[in-house]
*Asks:* 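Sending over a structure as structure tokens; questions will come in a sec.
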Amino acid sequence: MLLSIENLHACVEENEILRGVSLQIRAGEIHALMGRNGSGKSTLSKVIAGHPAYTVTAGGIHYRGQDLLALSPEDRARSGVFLGFQYPVEIPGVSNLEFLRVSCNARRQRRGQEELDTFAFEDHVRETMAIVQMDPAFLERSVNEGFSGGEKKRNEILQMALLEPLVAILDETDSGLDIDALRIVANGVRRLALPTTATLLITHYQRLLDAITPDFVHVMAEGRILRTGDKDLAMALEQRGYDWIDETNGSDTRQP
Amino acid sequence: MSSAAAVEALNKTPYRYGFVTNIETEKISKGLDESVVRLISSKKQEPDFMRQFRLKAYAQWQTMAEPDWAALRYPAIDYQDIVYYSAPRQKEQKASLEEVDPALLETFDKLGIPLSEQKRLSNVAVDAVFDSVSIATTYKQKLAEHGVVFCSMGEAIKDHPELVERYLGSVVPIGDNFFAALNSAVFSDGSFVYIPKGVQCPMELSTYFRINSDDAGQFERTLIIAEERASVSYLEGCTAPMFDTNQLHAAVVELVALDDASIKYSTVQNWYAGDENGKGGIYNFVTKRGLCKGRRSRISWTQVETGSAITWKYPGCVLRGRDSVGEFYSVALTNHHQQADTGAKMVHIGPGSRSTVISKGISSGHSANSYRGLVHMGPQARGARNFSQCDSMLIGDQAAANTHPYIQSRQPEATVEHEASTCNISEDQLFYLQSRGIEPEAAVSMLVSGFCRDVFNQLPMEFAAEADKLLALKLEGSVG
Ligand SMILES: Nc1ncnc2c1ncn2[C@@H]1O[C@H](COP(=O)(O)OP(=O)(O)O)[C@@H](O)[C@H]1O
Ligand SMILES: [Mg+2]
């Protein structure tokens with residue numbers, strides 16, 4: 001088991017947002033996580049990545065058999081957990097190139113690879129940018145500053161490609177993308193989906209799942225996973241909406 | 001880790017420059033009166049005009065009171081408990097570097113400022129000042145070929161008395177303020193630069209100030225003159241040993257730019273700041289002012305202030321020339337119990353004069369960081385413009401930041417724009433960097449240097465990276 005989430009409860013201040021999430025992800029699998037706005041999808045992803053705003057009150061997460069919650073956010077990233085943010089923040093004044101280099105080297109160091117100096121890294125990042133069809137001009141800019149929504153999402157995919165994670169969580173990376181950008185993102189994700197890695201796609205749209213076929217589809221509501229199925233579940237949702245899940249509530253919560 | 005919690009564990013920032021050099025010094029006894037002023041002047045074998053300058057300044061100083069309007073708190077300074085003359089004992093006239101005490105050369109080596117021929121910084125000429133006495137100036141010969149004079153103030157008084165007499169005190173009058181008057185009476189040494197007409201100084205000039213003594217006050221005097229169409233870029237760096245007592249540093253810097261001349265003056269100030277409980281550190285009371293005397297002249301101050309227990313410093317430009325330009329780019333970082341009250345003074349006299357002020361204050365720990373700036377538009381300053389931007393960043397919830405802009409306008413056709421902002425290091429920015437494998441300390445210093453980018457871009461290339469590293473070092477221990 002690559003990532004195993006067991007009965008996870010998490011809250012912000014006094015509010016419980018995750019109310020017992022369980023999810024098992026094996027190497028080689030692609031999972032889709034769907035659900036209404038506010039159901040707790042982003043919260044789940046941020047708890048996995050270690051955001052300090054959330055307190056885990058019960059349950060746990062194991063990553064490659066290790067207690068993930070015991071690790072600092074930077075340690076999680078270095079050991080191969082990646083979160084592509086729904087809303088990547090802008091960091092004025094910090095060069096994207098420098099940020100990507102420091103980040104990439106932190107991961108490389110953990111994997112026992114040599115660190116890349118400025119020149120070597122620039123070659124490496126330019127090659128990688130070609131995959132996400134991103135203009136190298138974005139290297140000169142400040143991290144995400146003034147990037148359009150689509151450009152920010154591509155920058156997230158670029159980071160994923162550079163960090164070569166074992167578990168990649170992409171939080172609505174497809175939202176707000178035009179058809180071309182969506183295709184680029186989907187290609188990027190497909191390229192990086194290996195037998196040794198796993199992907200958790202948080203999405204509202206069938207069109208991403210047409211490009212990347214998920215092995216499992218989960219539907220989240222009020223901080224729990226209500227329903228798990230295969231790609232047909234996503235298709236049914238697309239046609240019938242989340243109300244349909246509410247009506248058939250909880251009848252099928254088997255775990256993969 | 002939350003950024004608030006992160007700051008809890010403020011701990012010892014290692015200060016790399018805290019060592020003391022064991023060297024024989026010539027010191028006079030503590031205390032100040034007229035005979036001490038005369039003694040300093042005679043030890044330096046000064047001409048009569050200098051002695052008069054000092055005595056006049058001393059007389060003025062005695063009638064003045066220490067300013068109390070800054071947002072700074074420190075115990076009263078006992079001016080009779082300070083040594084006013086201390087110099088490393090060495091041969092009077094050093095014909096070459098080989099005659100400089102090896103202990104001094106070694107000190108500067110350790111500070112990363114090698115002075116010996118083989119190891120010198122390329123394309124940067126350095127005047128090394130040790131306890132307020134210039135011990136060596138590199139590349140003098142090469143500069144002389146261009147007519148550039150770069151030497152200690154002491155040498156300038158001997159070799160170029162007419163220039164010194166004409167310009168010394170012309171920008172910062174001896175009675176300008178309490179600390180300037182004190183400096184004018186007792187200053188020991190400093191750097192002198194003269195760039196003749198039409199000459200672009202072929203290399204970066206730099207003075208490195210090193211305080212070594214624990215009971216001597218430090219009073220340097222710097223004078224830079226750029227004649228018509230001349231230009232120069234100058235950098236000063238400062239460090240001091242760690243003592244648990246405080247040392248007074250009261251320097252004066254005067255710049256004069258004639259028609260179409262330009263002077264760029266950069267400072268990387270890293271005096272010892274005291275320990276994490278606020279014990280020790282330098283009291284830094286400095287007067288820096290540039291006179292844009294000529295038309296279209298330009299003076300630019302760039303400062304990265306990270307050290308000192310107390311900083312009291314308001315670099316300014318007097319924009320007398322028509323269409324002259326004044327600039328001030330500042331990063332002031334305070335940590336632990338440091339206090340800084342600093343900002344720019346832009347005095348617009350000439351029509352069409354322009355000035356820009358960009359100030360970035362970062363306060364961490366229990367420190368206090370105030371921006372205090374003045375923009376004055378005189379009655380003749382038709383069409384003059386000022387733009388000021390003061391941004392403060394708070395790290396943790398124990399630090400304080402304040403902005404006090406003073407705007408005086410006696411010219412309706414002058415424009416003054418002031419923008420100010422305060423932000424905290426955002427938890428989401430910090431988390432974003434951490435979630436990419438970057439450690440919190442590195443992340444904070446990345447965010448801080450991003451915040452300061454506009455100012456760092458103004459630093460001479462050779463020093464921009466240095467400033468970045470310095471900030472990172474200073475912030476060490478500001479996150480747990
Ligand atoms: N940092 C936070 N502070 C307060 N409330 C939060 C915070 N993060 C999430 N929430 C609340 O938790 C719920 C789930 O949000 P989220 O995980 O973003 O949902 P989704 O991604 O499924 O749209 C929402 O009601 C949201 O307002
Ligand atoms: Mg969301």
Side-chain angles (χ1 to χ4, degrees), chain A residues 45-55 71-96 98-111 115 118 141-145 152 155-156 158-160 162-165 169 171, chain B residues 1-9 304 329 331 333 358 360 362 389 391-393 396 419 421 423-459 464-465 467-469 471-472 475 479-480:
Chain A
S45 71
K46 286 193 260 184
V47 170
I48 296 170
H51 196 291
Y54 305 93
T55 313
L71 301 181
S72 65
E74 62 274 17
D75 248 358
R76 300 182 198 192
R78 289 169 182 205
S79 56
V81 176
F82 177 87
L83 169 58
F85 287 86
Q86 184 174 6
Y87 304 109
V89 294
E90 302 195 359
I91 307 184
V94 174
S95 127
N96 204 28
E98 184 59 13
F99 158 67
L100 294 171
R101 190 175 72 84
V102 172
S103 161
C104 180
N105 277 336
R107 171 93 173 109
R108 289 177 70 90
Q109 197 188 28
R110 176 60 56 89
R111 302 169 84 191
E115 293 187 31
T118 321
R141 310 244 311 246
S142 293
V143 178
N144 295 328
E145 193 185 32
K152 284 181 183 163
N155 207 29
E156 295 291 293
L158 172 62
Q159 290 167 44
M160 171 169 124
L162 288 169
L163 296 177
E164 301 179 46
I169 304 159
D171 191 359
Chain B
M1 161 178 23
S2 76
S3 54
V7 183
E8 283 289 293
V304 178
Y329 301 100
V331 166
L333 173 95
I358 310 278
K360 308 274 179 177
I362 303 121
Q389 183 186 328
D391 300 324
S392 308
M393 180 185 256
E419 290 176 7
S421 76
C423 64
N424 284 284
I425 284 223
S426 115
E427 190 163 84
D428 281 329
Q429 287 178 333
L430 196 58
F431 178 62
Y432 189 75
L433 296 177
Q434 282 182 267
S435 77
R436 297 304 181 247
I438 301 172
E439 282 179 351
E441 272 190 4
V444 167
S445 78
M446 214 177 223
L447 293 171
V448 168
S449 63
F451 174 72
C452 303
R453 185 62 44 213
D454 301 349
V455 173
F456 285 170
N457 286 343
Q458 299 296 328
L459 281 175
D468 232 8
K469 268 191 257 161
L471 279 199
L475 284 165
V479 291

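First the proteins, then the strands, lettered A, B, ... as listed; each starts at 1.
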*Asks:* Working to the nearest 0.5 Å, report the span between CD1 of B:Ile438 and CZ of A:Arg107.
*Replies:* 14.0 Å
*Asks:* Under the rule for salt bridge (Lys or Arg N to Asp or Glu O under 4.0 Å), what residues qualify as partners of A:Glu90, not counting sequence neighbours?
*Replies:* A:Lys152
*Asks:* May I ask you to name which of A:Asn144, A:Asp75, A:Val143 has the most heavy-atom pairs under 4.5 Å with chain B?
*Replies:* A:Asn144
*Asks:* If you compare all heavy atoms of A:Gly93 against all heavy atoms of B:Arg453, which two are closest, and at what distance to 0.1 Å?
*Replies:* O-NE, 3.1 Å
*Asks:* Sub-4.5 Å heavy-atom contacts with chain B: which residues of residues 79-88 of chain A show up?
*Replies:* A:Phe82, A:Leu83, A:Gly84, A:Phe85, A:Pro88
*Asks:* Which residues satisfy the salt bridge (Lys or Arg N to Asp or Glu O under 4.0 Å) test with A:Arg101, sequence neighbours excluded?
*Replies:* A:Glu98
*Asks:* What are the two closest non-hydrogen atoms of B:Gly437 and A:Ala106, and how far apart are they?
*Replies:* O-CB, 3.3 Å
*Asks:* Atom CD in A:Glu74, atom CD in B:Glu441: separation rounded to 0.5 Å?
*Replies:* 10.5 Å
*Asks:* Quick check: does any side chain N or O of B:Ser435 sit under 3.5 Å from a backbone N or O of A:Ala49, one acting as donor and the other as acceptor?
*Replies:* no
*Asks:* Is there a side-chain contact between A:Ile91 and B:Leu433 (heavy atoms, below 4.5 Å)?
*Replies:* yes
*Asks:* Quick one, B:Glu427 and A:His51 - any side-chain contact, counting heavy atoms below 4.5 Å?
*Replies:* yes
*Asks:* Side chain from CB out, backbone as N, CA, C, O: work out which of these in B:Arg436 comes under 4.5 Å of a heavy atom of chain A, or both, or neither.
*Replies:* both
*Asks:* What residues form a side chain to side chain donor-acceptor pair (under 3.5 Å) with A:Asn105, not counting sequence neighbours?
*Replies:* none
*Asks:* Given that the side chain runs from C-beta out, which part of A:Glu145 has a heavy atom under 4.5 Å from chain B: side chain, backbone, both or neither?
*Replies:* neither
